[in-house]
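Treat the numbers as computed from the prediction; the structure is a model and nothing was measured. Any value given below was found using the heavy atoms of this structure, including those in side chains, with hydrogens, waters and symmetry copies removed.
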Amino acid sequence: MSSYSHIKHTFEPIYDESSRILILGTLPSVKSREDNFYYGHPQNRFWTVLSAIVKCEIPLSVEQKKRMLISSNIAVWDVISECDIVGSSDSSIKNVVPTDIMSVIVGSDIKALFANGKTAEKLYNKYQKPLTGIDIIALPSTSPANASWSTARLTEEWRANIRPFL
């Protein structure tokens, strides 16, 4: 049986003053924490979906990913700064300490917030919305655990929601 670990988010949000949308996940997965960057699991479709929306090659290195986000006016961060979790299981999350999302919103030109999945939406609404007062738009998760959504279907849904704000 797996046990809980206390996890602290160890990398910074990606944004600049021109960022227009903020995509929020829950907390980096075990693989992402190993890579020290967002959406590091090879089966996570985040980078494939976003690169299709902004019409560029799929970025491979951390530097390429950062350049794609910044040049596309997309900010990325997570709702949770630290918590107790079993592995990468969002459903096991407890004892949440939220991130300081207002620092990104104030330091950028954010027009819309998006949750990468229902858990990120739920946690944002519980811990962040009372502070920001901003509604979040939930998108289907790019996680490999969301197998009912094909990459093509994910891309279309994300594109329809994101493109009006870019």
Side-chain angles (χ1 to χ4, degrees), residues 1-16 19-50 53 59 62 65-66 68-69 74-108 110-151 153-155 157-158 161-162 165:
M1 182 175 169
S2 296
S3 61
Y4 277 88
S5 298
H6 187 78
I7 302 300
K8 290 186 178 187
H9 201 305
T10 58
F11 38 97
E12 296 297 315
I14 306 302
Y15 74 102
D16 71 7
S19 298
R20 296 178 56 81
I21 66 168
L22 173 56
I23 301 171
L24 295 167
T26 52
L27 180 79
S29 68
V30 171
K31 180 65 176 146
S32 295
R33 293 191 304 266
E34 288 171 3
D35 291 351
N36 205 36
F37 201 68
Y38 302 93
Y39 305 102
H41 191 288
Q43 274 76 52
N44 193 303
R45 297 160 292 174
F46 182 83
W47 299 109
T48 302
V49 167
L50 266 192
I53 292 168
V62 168
K65 291 171 183 177
K66 286 180 182 178
M68 182 188 82
L69 292 169
I74 298 171
V76 172
W77 207 11
D78 290 308
V79 177
I80 298 173
S81 175
E82 55 185 280
C83 70
D84 296 327
I85 188 170
V86 176
S88 297
S89 172
D90 281 356
S91 63
S92 72
I93 291 171
K94 64 182 186 179
N95 301 323
V96 170
V97 175
T99 55
D100 177 19
I101 287 175
M102 283 307 294
S103 65
V104 174
I105 293 169
V106 169
S108 63
I110 299 297
K111 303 295 185 203
L113 302 179
F114 295 93
N116 186 352
K118 290 290 187 190
T119 304
E121 174 195 32
K122 182 179 93 176
L123 291 166
Y124 171 84
N125 284 332
K126 182 175 181 178
Y127 295 103
Q128 306 284 9
K129 188 175 179 185
L131 304 173
T132 67
I134 301 169
D135 289 331
I136 195 164
I137 300 164
L139 297 172
S141 175
T142 58
S143 166
N146 185 15
S148 64
W149 282 76
S150 69
T151 301
R153 188 171 163 221
L154 275 173
T155 302
E157 183 69 15
W158 277 58
N161 282 279
I162 288 174
F165 296 98

query = Quick one: are T132 and M102 in side-chain contact, heavy atoms under 4.5 Å?
reply = yes
note = Tightest non-hydrogen contact, residues N125 and P130, listed as O-CD, 3.5 Å
Backbone N/O of S143 and side chain of R45: donor-acceptor pair under 3.5 Å = yes
Test side chain to side chain donor-acceptor pair (under 3.5 Å) applied to N116 - qualifying residues, sequence neighbours left out = Y39, T142
request  = Step by step, work out the side-chain contact (heavy atoms from CB on, under 4.5 Å) result for I136 and K129.
outcome  = CA-CA 8 Å; I136 195 164; K129 188 175 179 185; over 6 Å; no
ask   = Is there side-chain contact between P28 and H9, with heavy atoms separated by less than 4.5 Å?
value = yes
request  = For the pair F46 and W158, name the ring-plane relationship: parallel under 30°, tilted 30 to 60°, perpendicular over 60°.
outcome  = perpendicular
Nearest-0.5 Å distance that lies between atom CG in L22 and atom CD1 in I101 = 6.0 Å
request  = Might you work through the side-chain contact (heavy atoms from CB on, under 4.5 Å) test for F37 and V76, ending with a clear yes or no?
outcome  = CA-CA 10 Å; F37 201 68; V76 172; over 6 Å; no
query = What's the shortest heavy-atom distance between Y15 and S103, and which atoms?
reply = OH-O, 3.8 Å
task = Would you indicate whether the side-chain heavy atoms of P144 and N44 approach each other to under 4.5 Å?
result = yes
query = Can you tell me how far the CG atom of N95 sits from the CD1 atom of I7, to the nearest 0.5 Å?
reply = 12.5 Å
request  = Would you check, one step at a time, whether the test side-chain contact (heavy atoms from CB on, under 4.5 Å) holds for I85 with I80?
outcome  = CA-CA 11 Å; I85 188 170; I80 298 173; over 6 Å; no
N/O donor-acceptor pair under 3.5 Å between Q128 side chain and P98 backbone = no
query = Which heavy-atom pair separates S32 from H41 by the least distance, and what is that distance?
reply = OG-N, 4.2 Å
inquiry  = Give me the atom names and distance for the closest heavy-atom approach of R20 to F165.
reply    = NE-O, 2.9 Å
pair T99-V104: side-chain heavy atoms closer than 4.5 Å = no
ask   = In Å and rounded to the nearest 0.5 Å, what is the CG to CD1 distance from D16 to I74?
value = 11.5 Å
task = Could you pull out the closest heavy-atom pair between S148 and R153, with the gap in Å?
result = O-NH1, 3.2 Å
inquiry  = Quick check for you: to the nearest 0.5 Å, what is the distance between I162 atom CD1 and E157 atom CD?
reply    = 10.0 Å
key: Heavy-atom side-chain contact between Y38 and K65 under 4.5 Å   = no
ask   = S92: what forms a side chain to side chain donor-acceptor pair (under 3.5 Å) with it, not counting sequence neighbours?
value = none
task = Looking only at non-hydrogen atoms, find the nearest pair between L131 and Y127 and report the distance.
result = CD1-O, 3.8 Å
message = The criterion is side chain to side chain donor-acceptor pair (under 3.5 Å); which residues satisfy it with S91, sequence neighbours excluded?
response = S89
query = Is Q43 atom CD crowded by more than 12 heavy atoms from other residues, nucleotides or ligands, each under 6.0 Å away?
reply = yes
query = So do I23 and L139 actually touch side chain to side chain, heavy atoms under 4.5 Å?
reply = no
request  = Calculate, to the nearest 0.5 Å, the distance between atoms CG and CG belonging to D135 and L113 respectively.
outcome  = 9.0 Å
key: Min side-chain heavy-atom separation R33-L27 under 4.5 Å   = yes
key: Stepwise side-chain contact (heavy atoms from CB on, under 4.5 Å) test for I110 and I134   = CA-CA 11 Å; I110 299 297; I134 301 169; 6.0 Å; no
